[in-house]
Every structure is written in C-alpha cells, then in structure tokens.
Amino acid sequence: MTTALNTLFITVEGTRLNKEGERVVVTVKDEKKAEVPLRHLRSVVCLTRAWMTPELLESCVEAGIHVSFFGVTGRFLARVEGLPGGNVLLRREQYRAADDGGRTLAIARAMVVGKVSNARQFVLHAKRDAAAEQVPSLEDAARRLAEHLRAVGRAEELEQVRGLEGIAARDYFEAFPGLLKGGARRFGFDGRNRRPPRDPLNALLSFGYALLAQDCAGALAGVGLDPAVGFLHEDRPGRLSLALDLMEELRAPVVDRLVFSLVNRGQLKPEDFKEEAAGAVMLRDEARKAFLVAYQAAKQVEVQHVFLGQQTSWGLVPHLQALLLARTLRGELDGYPPFAVR
Amino acid sequence: MTSASETWVALSALQHLLFCERQAALIHVEQLWREDVRTATGRLLHERVDLPGHDARPGRRVERAVRLGCERLRLVGRADLVEYHPDATSPTGWRPYPVEVKRAKRKSLEADSVQLCAQALCLEEMHGVAVPEGALFHVAQHRRQVVMLDARLRARTEEAVARMHELLARGHVPVVARAPKCESCSLEPLCMPHVTAGQRRASDHLRRMVELVDPETVS
Ligand code: SF4
C-alpha cells in the first residue's frame with residue numbers, strides 16, 4: 001500500500017490551518033509553522049482549539065482526509081467527513097448482519113477471540129522481562145486468559161461473549177500492576193477507571209484508546225463501513241460502536257504496549273500529570289505531545305500480519321482489518337479473521 | 001426505463017473492466033480508493049500533453065478534457081483530447097477524432113481500443129456524425145497509433161458496457177482467482193486476491209487462535 005498514513009496533530013491552541021495550492025499551511029500567531037502536501041495526509045486531528053478554513057475543509061473532505069476534533073481534556077468531539085466512501089450496498093449488508101443474531105454472534109466472537117488472544121500475548125511478552133516476583137501472577141493471568149479464550153470459542157450466545165469479554169478484561173487489568181517496573185511502580189494502578197481517569201496510567205490508556213478509536217473509525221469509513229453500527233458493542237447514539245469493536249483486538253498490542261513502554265522506560269513520569277480537585281487526572285501538555293509523537297512512531301513499526309502472511313506496519317493494521325471485515329460481510333471470507341499477535 | 005433505476009457507466013470503467021472485472025467492481029461498485037483514483041485523474045487532466053504537429057494543421061481544432069456522454073449506452077465521462085478535423089463529407093463540415101493519451105507503458109491494446117471506441121460512440125451520438133477512426137498517443141514512445149473503429153471493436157465495446165452495467169446493477173464484486181496481472185495491479189492491497197480466493201482460511205485462523213496454536217508452527 002502506498003499510502004503514508006500521515007496524521008497531522010494540532011496541539012497548540014489557536015493554530016490556524018489553511019490551504020495554499022495543494023498544501024496545508026499551519027500558522028500559529030501569524031507565524032508559519034509547517035506546510036504539508038495534502039496528498040501526504042490521511043487525517044487531521046485537532047487536540048485543542050484550532051481554526052480551519054472552509055477551503056481546506058472542502059479539500060480534506062474531497063480527498064477523503066478525515067478531520068477530527070477533541071476537547072482539551074482529550075474527549076472526542078466531532079469528526080468531519082464528506083459523503084461516506086464505499087458502497088451503500090456494503091453498508092446495507094453491514095446493517096443486515098448487525099440485525100442477524102447468528103452473523104452478529106460470529107463476528108463478535110471472532111473479535112473477542114482477537115482481543116483476549118492479543119491480551120494474553122501481551123502478558124506473556126511482558127513476563128519475559130518481568131521481575132521474578134511478578135512472574136507467577138503474570139503466568140496466572142495468562143492461564144486465566146487462555147481459559148476465557150477457549151470459552152469464547154465455544155460461546156453460542158452473544159451475551160455470553162460479551163460477559164466473557166468483561167471477565168477477561170478484568171483479569172487482564174488485574175495483572176497490570178505486575179507489568180510496572182522500577183520507578184514506574186510509583187504510578188500505582190488500581191484497576192481500570194475511565195470517566196474520568198483517576199490515575200496517570202488510566203489517563204494514558206484513555207488518551208491512547210481515544211486516538212486508536214479515531215484511527216479505527218477512519219479505517220472503517222475508508223472502506224465504506226458505518227463506524228457507528230457494531231456487532232460486539234450495541235448501537236448507542238453518539239457512539240462509534242464498530243470502531244470500538246475493531247479496536248478491541250488492537251488495544252493491548254498498540255496502546256497498552258506503548259503506555260507501558262513509555263512509563264517503564266521513564267519517558268513519562270508521575271510529574272507529567274496533573275490531578276484536578278475531584279481526583280480526575282490528565283496529562284500535561286508536554287506529556288501529551290510526547291505521547292502523540294510516540295504513538296505516531298509506533299505506527300511506523302513493522303509487524304507480521306499472520307492471516308495475510310505479509311509484513312505491514314501497525315498504522316496500516318486498522319485499515320487491513322477494516323478491509324477484512326468488509327470482505328467478511330460480503331461473504332468473501334468464511335469468518336472475520338482478527339489480527340493475531342504472535 | 002425510469003430515471004431512478006438508471007445507472008451510468010464511467011468511460012474509465014471500461015479499461016478497468018478489461019483489465020480485471022474485480023478491479024472494475026472494486027473501484028466502481030465498492031468505490032474503493034476513490035481519493036486515489038480521483039486525485040490521479042485530476043493530475044492527468046491538468047497536465048497538458050503536447051502532440052507535436054497537431055495544432056499546426058490548418059483548420060484543425062484540439063479540445064482537451066472534453067465531457068462526453070452517450071444516452072443510448074448510458075455511458076459518461078471525459079476524453080483527454082478530441083481533435084476536430086475539417087471534413088467536407090461530414091454533414092457538419094468536420095469530424096471528431098478522439099485521441100487517447102497513454103502515459104504508462106501499454107498494458108492492453110484491447111483495453112485502450114475499447115476505451116477509445118467508447119469515446120467515439122459518445123461523440124457520434126453527441127455530434128450526429130460518424131467517427132470511423134481515432135488514435136492512441138503513447139507519450140513515452142512519442143508515437144501515434146491509428147485505431148480503426150470497426151464493427152468488431154464496436155461490438156466488443158458495447159459488450160463491455162453491458163457487462164459493467166450488470167455489475168453496477170447487481171452491486172456485484174466478483175471473486176476471481178489470483179493471476180499474474182495481480183502483480184501489476186494498483187488495487188492489489190485492497191483486493192487481497194490471495195485471501196479471497198482461499199475458502200476456509202478465516203475460520204482456520206480463528207481456530208488456531210482459540211487453540212493457542214503458535215502461528216509460526218503452522219504453515
Ligand atoms: S489484484 Fe488481481 S484480482 Fe484483484 S483487482 Fe487486481 S488484478 Fe484483479
């Protein structure tokens with residue numbers, strides 16, 4: 001694939017984006033900061049208040065460049081997208097499948113298999129260089145995840161699949177403190193909390209998942225699927241359920257791995273976070289930038305796509321999975337093959 | 001035929017169709033890679049190609065990026081370049097002469113000829129004059145190749161238009177076997193021909209994940 005998966009992140013408040021020729025020009029306080037050719041862009045993510053001219057927005061929409069806006073706390077606000085790409089017949093097929101219990105079960109089950117399998121691989125990888133006293137708890141978590149994985153494979157009801165997903169997530173997050181090394185232990189972690197995140201690790205996870213969800217939504221829309229109509233996640237107004245579905249198998253290998261490598265290597269420290277009066281924790285601006293840079297860099301890393309039997313980059317994985325999901329819905333594949341981490 | 005049920009075939013689809021039916025369907029039914037296709041087309045349309053000697057001939061007019069359509073075949077699109085030659089035998093006094101500009105190395109003469117012929121069919125309907133001939137201009141070799149738009153080529157072209165209509169009407173993306181031409185196909189990363197051809201692969205993959213089979217140990 002020739003597309004360079006470039007995302008333009010806007011992090012400086014008051015940034016203006018306009019179009020000159022076939023380029024995006026980034027200006028802060030009347031000073032030109034950057035110029036990016038439109039054809040190198042796949043998406044524009046505004047993480048703070050930014051202005052964009054209608055001309056540029058029009059060109060982005062025309063060229064299939066997704067523009068998304070986040071609030072300053074990292075909360076997703078909106079995405080701008082033109083006429084949906086792809087084929088209305090494919091979307092109809094997606095809706096039909098979502099209304100069909102059997103097809104929904106099969107896809108949701110495959111997605112949870114992907115999620116639990118990759119979570120288990122992540123724990124096993126982490127175990128390799130964990131401190132000796134952590135090893136038993138990580139082994140225990142991996143064993144429980146393997147059990148859940150088998151149970152998911154046998155599940156015959158959607159509710160059962162969703163239930164197992166929840167149990168597996170809890171067991172997985174319980175193993176999290178054991179993944180923290182040395183100085184990073186100061187982070188503390190007491191299970192997953194998100195609304196709002198109440199410790200630095202949760203703040204990082206939430207931010208990373210928000211970015212990944214946007215990448216997944218963009219990938220799905222790019223192949224013509226409706227990111228809001230999911231299989232594992234029920235439809236809910238304002239929720240990109242299919243993007244969340246697609247994200248499940250990628251949470252651990254993309255976001256969790258990145259978060260742990262940043263904190264374990266000391267690239268992010270507890271001082272990089274601030275706590276609000278009521279206990280909500282958020283990243284300071286510099287840490288947000290550091291995380292974004294690392295997130296973008298992680299997307300360039302090569303990875304083996306086991307099902308396709310080819311090398312690719314992490315950044316392309318959501319696109320490839322979206323394509324495979326579209327193929328599944330069209331009946332060209334006999335099931336949805338989730339991304340498998342070795 | 002009511003207008004609501006009408007589908008129109010893009011002139012460019014015919015070339016795709018002759019190269020590979022799946023490619024044509026992926027682009028025109030599934031509308032994949034639309035931005036890439038469109039930006040590429042945009043680039044081509046803005047880039048002028050000089051055809052030496054052609055503007056010079058007396059009375060000859062050259063029009064670029066000409067919008068074309070044929071109601072009868074429900075065919076629509078653009079021609080890179082149409083020459084209008086003075087011709088006393090034509091009721092209008094001139095004769096349109098489509099020239100298809102080929103930048104890349106020729107992939108298939110038949111595909112190029114069909115594309116050209118389709119443009120001629122549009123021009124015939126729009127101007128009400130016969131268009132017996134056109135040309136392919138190969139930029140790389142700087143060579144002009146005359147194509148006679150004979151009955152056989154016209155039949156082949158109409159057949160291709162009909163097939164494209166069928167794919168569009170059914171919203172059908174045919175699954176085709178992987179072929180040598182896939183190597184040179186720009187849609188290969190989206191088409192994944194090696195995946196869609198094999199049948200039970202996805203469920204095998206899932207089973208291996210559930211049974212914790214190390215994928216590296218399985219071929
Ligand atoms: S990769 Fe092969 S099968 Fe797929 S569209 Fe291209 S030529 Fe056709």
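As a basis for the values below, the full set of heavy atoms in this structure was taken, side chains included, without hydrogen atoms, waters or symmetry mates.
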Asker: Are there over 12 heavy-atom neighbours, none belonging to A:Arg92, within less than 6.0 Å of that residue's CZ?
Answerer: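 For A:Arg92, atom CZ is not crowded (no more than 12 foreign heavy atoms under 6.0 Å).
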Asker: Please assess A:Leu324 against B:Met192 for the test side-chain contact (heavy atoms from CB on, under 4.5 Å), listing each intermediate value before the final yes or no.
Answerer: CA-CA 9 Å; A:Leu324 289 169; B:Met192 301 175 169; 3.7 Å; yes
Asker: Considering only heavy atoms, which portion of A:Arg120 lies under 4.5 Å from any heavy atom of chain B: side chain, backbone, both, or neither?
Answerer: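 When you check distances to chain B, only side chain atoms of A:Arg120 fall under 4.5 Å.
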Asker: Does any part of the side chain of A:His319, heavy atoms only, come nearer than 4.5 Å to the side chain of B:Leu190, both counted from C-beta?
Answerer: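 Not in contact.
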Asker: Are A:Glu332 and B:Val173 close enough that some pair of their side-chain heavy atoms sits under 4.5 Å apart?
Answerer: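 Result yes, sub-4.5 Å side-chain heavy-atom pair found.
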Asker: So, for B:Leu206 and A:Pro338, which heavy atoms are closest and what is the spacing to 0.1 Å?
Answerer: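 The pair with the smallest heavy-atom distance is CD2-CD, 3.8 Å.
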Asker: Around atom CD of A:Glu35, are there more than 12 heavy atoms of other residues, nucleotides or ligands at under 6.0 Å?
Answerer: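 Count over threshold, so yes.
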Asker: For A:Arg330, is it the side chain, the backbone, both or neither that has a heavy atom under 4.5 Å from a heavy atom of chain B?
Answerer: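 Side chain of A:Arg330 only, per the 4.5 Å heavy-atom cut-off to chain B.
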Asker: Looking only at heavy atoms, what is the nearest atom pair of B:Val210 and A:Leu149, with distance?
Answerer: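 Answer, listing the atom of B:Val210 first, then A:Leu149: CG1-O, 3.9 Å.
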Asker: Who are the side chain to side chain contact (heavy atoms under 4.5 Å, CB included) partners of A:Thr312, not counting sequence neighbours?
Answerer: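 Side chain to side chain contact (heavy atoms under 4.5 Å, CB included) list for A:Thr312, sorted by chain: A:Val303, A:His305, A:Leu316, A:Val317, A:Leu320.
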Asker: Using side chain to side chain donor-acceptor pair (under 3.5 Å) as the criterion, list what pairs up with B:Arg154, not counting sequence neighbours.
Answerer: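 In terms of side chain to side chain donor-acceptor pair (under 3.5 Å), with neighbours along the sequence ignored, B:Arg154 is linked to B:Glu124.
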Asker: Could you look at A:Gln304 and say if it's the side chain, the backbone, both or neither that has a heavy atom under 4.5 Å from chain B?
Answerer: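 For A:Gln304, neither part sits under 4.5 Å from chain B.
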Asker: To the nearest 0.5 Å, what is the distance between CE (B:Met209) and CG (A:Asn118)?
Answerer: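 If I round to the nearest 0.5 Å, the distance is 5.0 Å.
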Asker: Counting distance only, does the side-chain N/O of B:Arg201 pair as donor-acceptor with the main-chain N or O of A:Phe307 below 3.5 Å?
Answerer: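 Checking the backbone N and O of A:Phe307 against the side chain of B:Arg201, a donor-acceptor pair under 3.5 Å is found.
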Asker: Checking salt bridge (Lys or Arg N to Asp or Glu O under 4.0 Å) for the pair A:Arg327/B:Glu30: CA distance, chi angles, key distance, verdict?
Answerer: CA-CA 11 Å; A:Arg327 296 272 178 280; B:Glu30 216 52 62; over 6 Å; no
Asker: Would you indicate whether A:Gln310, at its atom CD, is surrounded by more than 12 heavy atoms from other residues, nucleotides or ligands within a distance under 6.0 Å?
Answerer: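 Enclosed: over 12 neighbouring heavy atoms sit under 6.0 Å from CD of A:Gln310.
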Asker: Using every non-hydrogen atom in the two residues, find where B:Ser203 and A:Asp334 come nearest and quote the distance to one decimal.
Answerer: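 Distance-wise, the nearest heavy atoms are OG-OD2, 2.6 Å.
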Asker: Which atoms of A:Leu308 come close to chain B, meaning under 4.5 Å heavy atom to heavy atom: side chain ones, backbone ones, both, or neither?
Answerer: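 It is both, since atoms from each part get that close.
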